[in-house]
Amino acid sequence: MSQLLAPTLREDPKEAEVVSHKLLLRAGYIRKLAAGIYTYLPLGFKVLQKVSQVIREEMNRSGAQEVLMPALLPSELWQETGRWNVYGKELFRIQDRHERDFCLGPTHEEAITELVRRSINSYKQLPINLYQIQTKFRDEIRPRFGLMRGREFIMKDAYSFHTSKKDLDKEYKNMYETYCRIFERLGLKYRVVQADSGAIGGGYSQEFMVLADSGEEEIFYCEKCDYAASRESAGVGGEKIVEGIGKGGDEKGKDKVKEVNTPGQKTIEEVTAFLKESPEKMIKTLVYETENGPVIALVRGDHALNEAKLKKMLGVEDLKLAADKVIEGVTKAPVGFAGPVGLKGVKIVADTAIPLIEQGITGANKEDYHLTNVVYGRDYQAELLGDLRFALSSDACPKCGQAKYSVQRGIEVGHIFKLGTKYSEKMKCVYLDEGNKEKTMIMGCYGIGVGRTAQAAIEQNHDEDGIIWPMPLAPYQVAIIPVNVGIKEQLEAAEKIYQDGLQIGLDVLLDDRDFRVGVKLKDIDLIGIPIKIIVGKALKDGQVEIKLRKTGEINLVEIGKVGEWLRQNVCS
RNA sequence: CGGGGUGUAGCUUAGCUUGGUAGAGCGCCUGGUUUGGGACCAGGAGGCCGUAGGUUCAAAUCCUAUCACCCCGACCA
């Protein structure tokens, strides 16, 4: 240890905000080179290797084959799939001396598809699952929290190729189980959630979330059944799509629409305050632009529209809130007074909560006026009805109908996708089937953030003294601490135990630094080594102390039996 | 990209309002005393005060620009 580069810090570096980041820095695991770009010091690198090793073993066990692809990728491949243009600013682009375009790979669908289409042409060679553990590059809008969101980070990515949807389903399930084994072996508390597949695209996808309060995402899950989803994709249960309403029969006893003057009152807050009404009665009218023209989306005043859901409902690629000009064009009124009543020639869609508003309030499409007593079906009608809003914890589970969601934050450490033919089609990744027919391969893709997983583990396992590594992740499982290296017997005994530990095949660290014990113990605790073997006073009785980081439990063990103790307590 | 904030020694920072050429704690080096949970004494090394320009007799301090980093929002493993 006296030679190990593990520069521990007594104070928190000010660049860090979350505990896991502070601890990685303080305990000498990583050092920052630039925003979102880190050097892994010996300890940090060792932890990465531990994570990688578990991943590797489980992936291999599941039949996947390891490869290593280039990080530097030619633009041509990305042109083929169209992602050269779609990926946007997040892609690190560079040119070589001949001014040819390249990028630093943020993910490798193109590269792997290129490989497979060139080397596989028969159904007999399928299915196949190839993976790599490699550095990825993404020019993140905002790198943060150390390894949580870097611009350069290490990821395991796997890609599978199949002849049928059914075969993909089978491999997807296989990977799902593999991931469960990986995160269980790493000793992490996690949950699997339904996810939005985002830019990588394709169909079905699930995220593996490590539970932690500092997580960037909210997980909505049901305590009754196994339903869990990200905030992005959590469904809203309990509200039936109301078909019956609106064919003219249901407005008995309801007042006529009334126009009210609301000078300058534009936002939901302003209008509700002005009219002394609650936001649940408001029909929020949002104008969006899509590649198929403008669309009006309606959600309740106290709900937030989920653009991902809207996109899916409309089946469009491009979606953004309309510019003021467009809104004025559609509603013939200044921004802030839009409403669905009387609008013609524009597609209107609504959240399922909308028809349930008995007598709503909404913009009059006329400056400084709103309408009250608006009734769905009598005064306006949506072309499509569906779940369009972000779920709230008060919403019901869409799967079993349980009345309330539970919400907890989590860190996304793994993501599995059924890609389908999104890439293979564009890149003509085909094979010949039994009938000598050319078919497009069906793909799946499976990622794990390696550094992120390590950091997430710290987030879950630490105390005020530092990190408490789960055994499989610890850079060293055991630290041997001679209390005073000046005392020959202590140092020699420690060295002997060190050698024994190595022999058993453990990662052992000998703290031979000429410091006071207090300093050494503090450092080892900060670093998070699960087991300390303290060689000190008890040596004269032929004993050493074995102390557990997690519980503080101390065992006095005879020096000759240390090897046996370790075999029993660490190796198993 | 928008909003907020910070740049002074390896780390944490004082000084900036009210200009006069930099101070502390920790760490590091030397010697000594210590030695079971971040010891003590003595001595020492280390900073063109983020960078560039300007104002001034004089700038860490005032002004302008620029860069870097951190935090909050829209994106993602």
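Sequence lines set the chain letters: A, B, ... in the order given, protein chains first and strands last, and positions in each chain run from 1. Quick caveat: nothing in here was measured; it's all calculated off a predicted structure.
For A/Arg26, taking side-chain heavy atoms from C-beta onward, the closest of the listed nucleotides B/C76, B/G36, B/G38 is B/G38. Nearest nucleotide to the side chain of A/Lys547, out of B/G37, B/A77, B/U12: B/G37. With B/G37, B/A77, B/G36 as the candidates, the nucleotide lying closest to the side chain of A/Leu521 is B/G37.
Following rounding to the nearest Å, A/Tyr87 (OH) and B/C75 (C1') show an atom-to-atom distance of 10 Å. For A/Met175 and B/A77, the CE to P distance is 18 Å, given to the nearest whole Å. As a whole-Å value, the separation of A/Leu526 CG from B/C11 C1' is 14 Å. Straight-line distance from the CG atom of A/Asp465 to the P atom of B/G37: 14 Å, rounded to whole Å. To the nearest angstrom, C1' of B/C11 lies 5 Å from CG of A/Leu9. A/Asp511 has its CG atom 15 Å from the P atom of B/G36, to the nearest Å. Note: CD (A/Glu11) to P (B/U12) measures 8 Å, nearest angstrom. Between the CZ atom of A/Arg142 and the P atom of B/G2 there is a distance of 15 Å, given to the nearest Å.
B/G19 and B/G53 are spaced 24 Å apart, taking the P atom of each and rounding to whole Å. B/G54 and B/C1 have their P atoms separated by 28 Å, given to the nearest Å. Going from the P atom of B/U51 to that of B/C11 covers 15 Å, rounded to whole Å. Nucleotides B/G25 and B/U8 have their C1' atoms positioned 15 Å apart, rounded to a whole Å. Between B/G46 and B/G10, the distance separating the two P atoms is 12 Å to the nearest Å. Between B/C48 and B/C67, the distance separating the two P atoms is 23 Å to the nearest Å. Remark: the separation of the C1' atoms in B/C26 and B/G38 is 10 Å, to the nearest Å. The gap from the C1' atom of B/C16 to that of B/A60 amounts to 7 Å, rounded to the nearest Å.
At the heavy-atom level, A/Ala538 lies under 4.0 Å from base atoms of the strands shown. Residue A/Asp12 is in sugar-phosphate contact alone, with no base atom involved, counting any heavy-atom pair closer than 4.0 Å across all strands shown. Base contact: A/Gly150 has a heavy atom under 4.0 Å from a base atom. Residue A/Val413 is in sugar-phosphate contact alone, with no base atom involved, counting any heavy-atom pair closer than 4.0 Å across all strands shown. Using a 4.0 Å heavy-atom criterion, one finds that A/Arg31 contacts no nucleic acid atom at all. Counting non-hydrogen atoms under 4.0 angstrom, A/Gly451 reaches nothing in the nucleic acid. Within the 4.0 angstrom heavy-atom criterion, only backbone atoms of the sugar-phosphate kind lie near A/Lys32; the bases stay farther away. Counting any heavy atom pair closer than 4.0 Å across all strands shown, A/Glu90 reaches sugar-phosphate atoms only and no base atom. If you check every strand for non-hydrogen atoms under 4.0 Å, A/Lys156 touches nothing.
Checked by atom type, the side-chain pair A/His415/A/Ser205 shows a donor-acceptor distance below 3.5 Å. With 3.5 Å as the limit, one finds no donor-acceptor pair spanning the side chains of A/Asp139 and A/Tyr87. Judged purely by distance below 3.5 Å, without hydrogens or angles, the side chains of A/Tyr159 and A/Asp157 pair a donor atom with an acceptor atom. With hydrogens and angles left out, the side-chain atoms of A/Glu57 and A/Gln53 include a donor and acceptor closer than 3.5 Å. Looking at A/Tyr423 and A/Arg83, their side chains do bring a donor and an acceptor atom within 3.5 Å of each other.
Residues satisfying the side chain to side chain donor-acceptor pair (under 3.5 Å) test with A/Asn174, not counting sequence neighbours, are A/Glu171. By the side chain to side chain donor-acceptor pair (under 3.5 Å) test, A/Ser2 pairs with A/Asp512, sequence neighbours left out. The side chain to side chain donor-acceptor pair (under 3.5 Å) search around A/Asn306 returns none, not counting sequence neighbours. Taking A/Glu15 as the reference, A/Lys32 meet the salt bridge (charged side-chain N to carboxylate O under 4.0 Å, His left out) condition, with sequence neighbours excluded. A/Lys537 meets the salt bridge (charged side-chain N to carboxylate O under 4.0 Å, His left out) test with no other residue; sequence neighbours excluded. Residues passing the salt bridge (charged side-chain N to carboxylate O under 4.0 Å, His left out) test with A/Glu66 are A/Arg56, sequence neighbours excluded. By the side chain to side chain donor-acceptor pair (under 3.5 Å) test, A/Thr81 pairs with A/Glu110, sequence neighbours left out.
For the OP1/OP2 pair of B/A77 and a distance below 4.0 Å, the side-chain nitrogens and oxygens of A/Arg149 include no atom meeting the criterion. Dashed line: the shortest gap from a side-chain N or O of A/Lys22 to OP1 or OP2 of B/C11 is not under 4.0 Å. Here A/Arg144 reaches the OP1 or OP2 of B/C72: one of its side-chain N or O atoms lies under 4.0 Å away.
A heavy-atom distance below 4.5 Å is not found between the side chains of A/Lys547 and A/Ile524.
Paired runs in RNA chain B that reach 3 or more consecutive Watson-Crick or G-U pairs, where each pair keeps both distances under 3.5 Å, cover B:1-7 with B:67-73, B:10-13 with B:23-26, B:28-33 with B:39-44, B:50-54 with B:62-66.
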If you restrict it to nitrogen or oxygen atoms, what contacts under 3.5 Å exist between nucleotides 14-16 of chain B and the protein, and what is each distance?
none

Would you tabulate the nitrogen or oxygen pairs shorter than 3.5 Å linking the protein to nucleotides 39-41 of chain B?
from: B/A39; atom 1: O4'; to: A/Arg516; atom 2: NH1; distance (Å): 3.4
from: B/A39; atom 1: N9; to: A/Arg516; atom 2: NE; distance (Å): 3.4
from: B/A39; atom 1: N7; to: A/Arg516; atom 2: NE; distance (Å): 3.3

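Listed by residue number, the members of residues 177-187 of chain A with any heavy atom below 4.0 angstrom from RNA chain B form an empty set.
Sequence order on RNA chain B of the closest nucleotides to A/His21 and A/Val535 puts A/Val535 first from the 5' end. When each of A/Leu539 and A/Glu140 is assigned the nucleotide of RNA chain B with its nearest heavy atom, A/Leu539 is the one assigned upstream, toward the 5' end.
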Could you go through residues 37-46 of chain A and list every donor-acceptor pair under 3.5 Å that involves a side-chain atom there, pairing it with any protein atom two or more places apart or in another chain?
from: A/Tyr38; atom 1: OH; to: A/His21; atom 2: NE2; distance (Å): 3.3
from: A/Lys46; atom 1: NZ; to: A/Asp507; atom 2: OD1; distance (Å): 2.9

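Listed for the A/Arg191 side chain is no donor-acceptor partner under 3.5 Å among the backbone atoms of A/Leu211.
Taking only distance into account, the side chain of A/Asp525 meets the base of B/G37 through a donor-acceptor pair shorter than 3.5 Å. For A/Lys520 and B/G36, a side-chain-to-base donor-acceptor distance below 3.5 Å is absent, hydrogens and geometry of angles not being considered.
Classified by interplanar angle (parallel below 30°, tilted 30° to 60°, perpendicular above 60°), the ring pair A/Tyr179/A/Phe183 is perpendicular. Classification of the A/Tyr172-A/Tyr446 ring pair by plane angle, with boundaries at 30° and 60°, yields tilted.
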